[in-house]
Amino acid sequence: MMLVRYLSQIGKYFIMLAEIFKKPTKWSVMRGLVFKEIDDLIIDSLGIVSFISFFVGGVVSIQTALNLTNPLIPKYLIGFATRQSVVLEFAPTFISIIMAGKMGSFITSSIGTMRVTEQIDALEVMGVNSLNYLVFPKLIALLLFPFVIGIAMFLGILGGWLGGVYGGFLSSSEFIQGLQSEFVPFHIVYAFIKTVIFALILATIPSFHGYYMKGGALEVGKASTVSFVWTSVIIILANYILTQLLLAS
Amino acid sequence: MIEVKNVKKSFNGVEVLKGISTTFETGKTNLIIGQSGSGKTVLLKSLLGIHTPDSGTISFDGRIYSELTDDERRDLRTEIGMVFQGSALFDSMTVEENVAFPLKMFTNKTIAEIKERVDFVIDRVHLENAHTKKPSEISGGMQKRVAIARAIVNNPKYLFCDEPNSGLDPKTSIVIDNLIQEITEEYNITTVINTHDMNSVMEIGEKIVFLKQGVLAWEGSKREIFKTDNAAVTDFVYSSNLFKKIREAQNKEV
Ligand SMILES: Nc1ncnc2c1ncn2[C@@H]1O[C@H](COP(=O)(O)OP(=O)(O)OP(=O)(O)O)[C@@H](O)[C@H]1O
Ligand SMILES: [Mg+2]
């Protein structure tokens with residue numbers, strides 16, 4: 001029974017995805033919606049993303065330094081480890097999980113509220129494709145998500161550099177030597193491919209949970225929680241699959 | 001004219017509409033009345049296509065809804081104005097933006113033309129001072145009027161109102177009822193209103209459909225409703241003491 005329910009939810013999700021692109025809203029209206037979503041989803045997240053990235057980058061660097069007790073291991077590895085963990089996992093995956101909480105619950109609760117107050121019915125009755133109207137601008141806005149992750153990478157490494165150098169663990173030039181050593185350009189490509197996929201997940205799964213919710217204000221809160229759980233689970237699974245496909249083969 | 005033929009609708013095995021057939025006429029205010037839970041909202045939402053009837057047909061001046069393509073349905077919907085039970089205003093937009101919304105979405109009017117039309121309908125519902133307010137900043141009665149303005153701004157052929165005066169004081173209710181009736185006549189709209197307000201029935205009930213537990217138990221006009229012997233109708237009509245007394249007074253006169 002559970003399985004059947006999950007499968008039918010998954011089916012409904014893909015039907016929703018197709019529906020988003022039908023009967024597009026006039027560009028003159030859509031443009032305004034896209035700018036509003038960029039403001040709400042992207043600009044509004046920069047503060048928290050910067051804060052978290054900077055300090056976690058610092059901690060990664062300090063932790064690595066504290067664990068490299070063997071004097072035979074060169075210190076520049078601290079820079080190398082910071083770069084690898086920030087670029088490969090911390091910025092793309094963990095910032096996305098945090099955004100599943102921030103953006104995701106915002107998306108679910110705002111669409112869910114429109115559902116319970118009949119605003120979505122009002123759109124449909126007027127002849128608007130409500131899925132296109134509500135979800136498409138979020139998808140477009142989240143095309144800027146890689147930009148957010150780029151900032152997270154930069155600030156994470158900056159935090160690592162400051163933490164390492166000013167904590168007295170290694171010199172600035174050692175850290176930079178570490179940043180440059182064994183650099184694989186494809187790792188950057190891999191990180192941004194992940195980011196784009198996560199952005200699509202972040203835009204659509206919370207929308208799905210808000211759009212198809214039933215009930216009242218209480219259920220809006222519940223839907224946000226459920227949406228956060230599913231968005232994170234799917235991001236983690238996608239991360240595993242993408243890593244296997246892109247790096248391990 | 002909207003023709004409803006044998007419409008049935010169930011939720012989770014419970015039949016809410018048990019085969020409704022009636023017609024709603026053009027240029028008239030058609031009322032659906034009945035007790036809370038009798039299926040008024042479900043019938044209205046079935047007319048709108050928000051609920052899909054399990055069986056039966058609904059046709060809008062000959063266009064049978066269930067036989068239309070998705071595009072034809074969306075075109076038909078641009079001819080429909082709807083006032084929801086809870087107003088359903090877009091709470092991210094101001095009053096003006098709410099009213100302008102259908103015009104921005106579905107017409108090629110210039111900004112100046114839109115502004116002119118929006119100002120006109122906002123004046124029409126007497127909301128001159130609310131243009132730039134958000135829905136959360138105005139009273140329930142004002143929200144209803146904004147909803148009416150939004151529903152009529154694009155000259156609909158069909159106007160649906162779900163309890164347009166629930167939660168309003170009697171005076172404001174009458175203003176809104178009269179407003180809807182005037183607009184209906186002026187623009188020759190097919191208007192369907194859900195209500196359980198007997199004042200509305202007496203004011204604007206040109207055609208009345210009485211629902212009882214999902215069955216169409218009676219239909220007629222406001223003149224006929226006070227003369228009928230149908231027990232269910234009299235029970236509903238005279239459930240208020242005021243109307244009981246009026247009837248007793250009338251009986252004494254006779
Ligand atoms: N979406 C739904 N799912 C399940 N049952 C529903 C749904 N909508 C309505 N019902 C049921 O259908 C019946 C009729 O409801 P409806 O909302 O049409 O009543 P109403 O006549 O509009 O009442 P009111 O005057 O209180 O608005 C109720 O018993 C309600 O529980
Ligand atoms: Mg109702």
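Throughout, protein chains are lettered first and strands after them, A, B, ... in sequence-line order, and every chain is numbered starting at 1.
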* For the pair B/Lys144 and B/Glu163, evaluate salt bridge (Lys or Arg N to Asp or Glu O under 4.0 Å) and give the outcome as yes or no after the intermediate values. => CA-CA 10 Å; B/Lys144 279 274 158 64; B/Glu163 316 240 0; over 6 Å; no
* To do: Can you tell which part of B/Phe160 gets under 4.5 Å to a heavy atom of chain A, answering side chain, backbone, both or neither?
  => neither
* **Most contacts with chain A, counted as non-hydrogen pairs under 4.5 angstrom, among B/Met105, B/Arg150, B/Lys45, B/Glu79** => B/Met105
* **Given B/Thr191, B/Thr190, B/Asp61, the one that forms side chain to side chain donor-acceptor pair (under 3.5 Å) with B/Tyr158** => B/Asp61
* **With B/Ile193, the side-chain contact (heavy atoms from CB on, under 4.5 Å) member among B/Asn30, B/Leu44, B/Ile204, B/Ile32** => B/Ile204
* Which answer fits B/Leu76, side chain, backbone, both or neither, if we ask what part of it has an atom under 4.5 Å from a heavy atom of chain A? -> neither
* Asked: So which part of A/Val125 gets closer than 4.5 Å to some heavy atom of chain B, the side chain, the backbone, both or neither?
  -> both
* To do: Sort out for me which of B/Asp91, B/Ile80, B/Thr78, B/Asp71 touches chain A most, counting heavy-atom pairs under 4.5 Å.
  => B/Asp91
* Would B/Arg73 and A/Glu124 satisfy salt bridge (Lys or Arg N to Asp or Glu O under 4.0 Å), going step by step from the backbone distance to the final call? -> CA-CA 10 Å; B/Arg73 284 180 189 182; A/Glu124 285 292 323; over 6 Å; no
* **No-hydrogen, no-angle side-chain donor-acceptor test under 3.5 Å, A/Ser224 and A/Ser105** => no
